Amino acid sequence: MALLNCFILFSGLCLVAFCDQDGFLSLSCGGTKSYIDSSNISWVSDSAYINTGNTTSTIDNVPLRFFPDFQGRKCYRLPVKNVSSLVLVRARFVYKNYDGLSKPPSFSVSLGTAIATTIDLATNDPWTSEFVWPVNNKDTLSFCLQSIPDGGSPVVSSLEVRPQPLFAYQTGVQDFPNHLLRKSYRINSGHVNASLRYPEDPYDRIWDADEDYAPFHLSSGFNTLVSLTSSSSIRESPPTAVLQNARVLARKDALTYNFPLDMLGDYYIVLYFAGILPVSPTFSVLVNGDVAESNYTVRSSESGALYLTRKGIKSLNITIKSISFNPQVNALEVYEIIEIPSEASSTTVSALEVIQQSTGLDLGWQDDPCSPTPWDHIGCEGSLVTSLELSNINLRLISPTFGDLLDLKILDLHNTSLTGETQNLDSLQHLEKLNLSFNQLTTFGSDMGNLASLQVLDLQNNSLEGIVPDSLGELENLHLLNIENNKLQGTLPQSLNKESLEVRASGNLCLSFSTMTCNDVSSNPSIETPQVTIVTTKKHTAYNHLPIIIGAAGGALFVLLLISLSVFLFVRKRKTQVTYTAALRNWNAARVFSYKEIKSATNNFKEVIGRGSFGSVYLGKLADGKLVAVKVRFDRTQLGADSFINEVCLLSQVGHQNLVSLEGFCHESKQQILVYEYLPGGSLADHLYGPNSNKLSLSWVRRLKIAVDAAKGLDYLHNGSEPRIIHRDVKCSNILLDRDMNAKVCDFGLSKQVTQADATHVTTVVKGTAGYLDPEYYSTQQLTEKSDVYSFGVVLLELICGREPLSHSGTPDSFNLVLWAKPYLQAGAFEIVDESIKASFDAESMRKATLVAVRSVERDASQRPTIAEVLAELKQAYSIQLSYLASYEHAT
């Protein structure tokens, strides 16, 4: 009796502990007032969690929110930041002919990237669905409604979020690593009255009575109250009130439940047993006739659970077959297992968000671009964004952000007011179709020759001038080039004259594979510009239309001339390459590597350690055992070769302890390779956000030291070298760390050189990374050293706040780090400082660092400090923090 009283007291204490509803969120969708229901649960309006949809009340005064606009997803942002493991999400949908049309809608519901279920209110009205969702360190969960063809307007009446026990509903589902659970059944066996939920179940699960689920009624309910000594061993923590009930067969036979299932699928089953009888029955459990567990014994005063999964079933029969005494079951749950598709990369999502902002339009892009269904204008393969089709909007230029969409295969930007040079596409190595037609482009950019996978290039109806670059002919996969209706002239490169390529070139000043044709036109302007479409086919038959007879002697002479020309070009090309290499040697680069040496050092380019617009970076080991980082350039064009030579020249002249040094280079067989020192500490981005990140290792004093080191490197580029150098792509991933956490700036080789005579403003092609890009530089295309200061200011904010520049979690006003952090830091509010350093910084040190960071990201470049001024402020902040730590150590 004393044991029983202790158990009851313990149960009461547990109940009180959970009555504060910690983590509960109950939304009255369409409601306008807060209230407390009969179970003492607090309800609030949903207006703070969604910004679309209309509200109304049904004839039963039940509020609901409906969405008459069929386009896109209608999403709630449900906060789950402080939940450690799982949440139960319960939604109620009501129609009740609120619109008088007598047309109950059907629509789909998604959680995160997964289509969770389809609602059909013509079948059930109201309709309740429950889901168990793994939080996985997310701050918010997107709960979205989406129309289906002819389905009507989606509606929702209430939404509930309930934290679940730690590690619950995970046993036995190892074959389903990324999944959510949709509730099919949750049965309080032996209970025949109303459903049981909060406060009896502190996690507010609804346990239904079982009279409707055992059609044979071969069993009877049994209720008792005993002490269960091991109930805490069940991770799901079923409520005591449920475990005290059981369905127990009156005789030694088989206890059977038959459950219809909505669809063919994979299912997760949990059976709960509690020893509430004076005997210990033993039985076998069969699922759809197959033995799932044999000789299972329920011991008196103990409880336990069985976890079962079944793949590809469309009905469920659970039989508990007696071996000794009477079979029993206390409760059971059945869930459909639903796969959660992988999310698109954060880089891709951030890039698309920036592109949407640049259009000035609301494209309806929110959450994940690929799942559960692709955004408008977006095509996906799995979680990869492979297609972007925008047209008839005012883009004006292809921003650097497009270069972050590394998986694109199709890019359609026709009629988007593009001007100037094609740009920022060289990193798109998977691009197959590029449509830039009907714009005002004037120049072929060097990017074009880098697109190794390109098959179709449409540049018709632009204002392209000059000649067609030979680099287009080196695109081995190109089979259609459309340059009609431009201002091009001259001889088409012979590299385009091949069987596999169709060239459409009518409507230009003069384009031909024949030099003679264009010379005649230029010498006689009165001749009408020819309108020609040049199509090369598998069998060239042009000789059938030319009144030219080539004799045997003439043919032999032609062949001889052709051979001589080929030899001349080969010798010149080889001489040019030798000249390049000799020139590079004279620039005192550390070492000239052969391609064979590079292949050996990288084990045939086995281990990729990075990737950028220049190319991939591989880990290498030289013959003397020294580790190096080997950067292999994508492009193979002559213009690319010139850029490569400029880069080696630049890098060979730059030397500073806080800049990554050049070990050597390789320039042979069209290979353009740079060999850098290898820094084993990885990048600052790795330490802040990488899969193995440990921000606790980045104390405030260490972050300041990294910032000071990086600022020293930038200060040398801006003020210590001649010509002065603007980095153009300062970001956390371009700050590398050695074994001792000393920082060095990398990837400045393609930077802009600035002479002393022209050090104020430089007009250039916009380069940079989304989130770090100076807004003044982006809008004016005028580059100065202050653009680097802005980017470095973003890095400082990352070090202070511990979050990335662009994020698609949280509320919209927190997506952009600069816009979010500036008001707080200007007011001296340090609550946004990274949690992992809050207890370790001196207030004055933090104040100095935050003020210089805020000044660095001013929109007006003239209001920003120079990098030298930034460095001076950071040194002071670092010195103050060192003094603070020294005094603290002395005091302790």
Side-chain angles (χ1 to χ4, degrees), residues 72-78 80 83 85-91 106-120 127 129-148 154 161 164 167-186 235-236 259-270 287-288 307-316 333-346 348-349 366-375 378-386 407 691 808-809:
R73 311 170 197 162
K74 312 303 176 186
C75 297
Y76 284 86
R77 301 289 186 276
L78 305 177
V80 292
V83 178
S85 179
L86 299 167
V87 291
L88 180 147
V89 179
R90 183 164 46 235
S106 59
F107 49 92
S108 63
V109 172
S110 66
L111 272 73
T113 57
I115 293 289
T117 192
T118 299
I119 307 300
D120 185 358
W127 180 305
S129 287
E130 282 188 20
F131 313 94
V132 176
W133 175 266
V135 174
N136 293 334
N137 298 317
K138 296 288 187 181
D139 290 342
T140 59
L141 168 62
S142 294
F143 178 95
C144 304
L145 310 181
Q146 189 154 326
S147 299
I148 59 178
V161 179
Q164 295 300 289
F167 304 124
Y169 304 108
Q170 296 301 308
T171 305
V173 287
Q174 290 81 3
D175 291 340
F176 306 89
N178 197 25
H179 64 273
L180 68 91
L181 302 175
R182 182 179 69 86
K183 190 196 86 170
S184 298
Y185 300 97
R186 187 183 297 115
R235 288 179 173 177
E236 289 69 26
F259 295 110
L261 301 176
D262 293 339
M263 61 186 70
L264 179 71
D266 303 329
Y267 287 84
Y268 180 52
I269 305 156
V270 185
V287 176
N288 289 351
Y307 304 92
L308 310 170
T309 57
R310 288 296 181 269
K311 295 183 178 181
I313 62 174
K314 56 183 178 182
S315 63
L316 179 61
E333 295 182 85
V334 180
Y335 294 92
E336 183 184 358
I337 303 170
I338 298 173
E339 180 184 0
I340 302 174
S342 299
E343 295 180 346
S345 74
S346 58
T348 297
V349 175
Q366 54 182 339
D367 301 308
D368 192 89
C370 293
S371 297
T373 54
W375 288 343
I378 298 289
C380 296
E381 295 178 9
S383 61
L384 304 179
V385 173
T386 56
D407 302 299
H808 58 285
S809 63

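As the structure is a computational prediction, the values presented were derived from the model and not from experiment.
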Candidate pair Leu308 and Val287, rule side chain to side chain contact (heavy atoms under 4.5 Å, CB included), full reasoning: CA-CA 9 Å; Leu308 310 170; Val287 176; 3.7 Å; yes
Step-by-step side chain to side chain contact (heavy atoms under 4.5 Å, CB included) determination, Thr373 to Arg73: CA-CA 9 Å; Thr373 54; Arg73 311 170 197 162; 4.0 Å; yes
Verdict with supporting geometry, Cys370 and Val385, side chain to side chain contact (heavy atoms under 4.5 Å, CB included): CA-CA 7 Å; Cys370 293; Val385 173; 3.7 Å; yes
Test side chain to side chain contact (heavy atoms under 4.5 Å, CB included) applied to Asp175 and Lys311, step by step: CA-CA 10 Å; Asp175 291 340; Lys311 295 183 178 181; 4.0 Å; yes
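Ile340 and Asn178 make their closest contact through O-ND2, 2.8 Å (heavy atoms, listed as atom of the first residue, atom of the second, distance). Closest approach of Phe143 to Ala91, counting heavy atoms only: CZ-CB, 3.6 Å. Of all heavy-atom pairs spanning Arg235 and Phe167, the tightest one is CD-O, 3.5 Å. Thr113 approaches Ser371 most closely through the heavy-atom pair O-CB, 3.2 Å. What you find for Pro369 and Cys380 is that their closest heavy atoms are O-SG, 3.9 Å. Phe131 and Thr117 make their closest contact through CZ-CG2, 3.7 Å (heavy atoms, listed as atom of the first residue, atom of the second, distance).
Remark: Glu333 CD to Tyr307 OH distance equals 9.5 Å, nearest 0.5 Å. How far OG of Ser184 is from CD of Glu336: 6.0 Å, rounded to the nearest 0.5 Å. Atom CD of residue Glu130 and atom CG of residue Leu88 lie 4.5 Å apart, to the nearest 0.5 angstrom. Note that OG of Ser110 is 10.0 Å distant from CG of Leu180, once rounded to the nearest 0.5 Å. To the nearest 0.5 Å, the span separating CZ on Phe176 from CD on Gln170 amounts to 12.5 Å. The CZ atom of Phe259 lies 9.0 Å from the CD1 atom of Ile269; values are rounded to the nearest 0.5 Å.
Between His179 and the choices Val132, Asp266, Ile337, the side chain to side chain contact (heavy atoms under 4.5 Å, CB included) rule is met once, by Ile337.
Inter-residue side-chain proximity for Val135 and Val87 is flagged as met; some heavy-atom pair is nearer than 4.5 Å.
Counting only distance, with no hydrogens or angles, the side chain of Tyr268 and the backbone of Thr171 share a donor-acceptor pair below 3.5 Å. Judged by distance alone, with hydrogens and angles left aside, the side-chain atoms of Asp368 form a donor-acceptor pair with the main-chain N or O of Ala344 at under 3.5 Å.
Ser142 and Asp367 are linked by a side-chain donor-acceptor pair at a separation below 3.5 angstrom, with hydrogens and angles left out of the test.
Classified by interplanar angle (parallel below 30°, tilted 30° to 60°, perpendicular above 60°), the ring pair Tyr169/Tyr335 is perpendicular.
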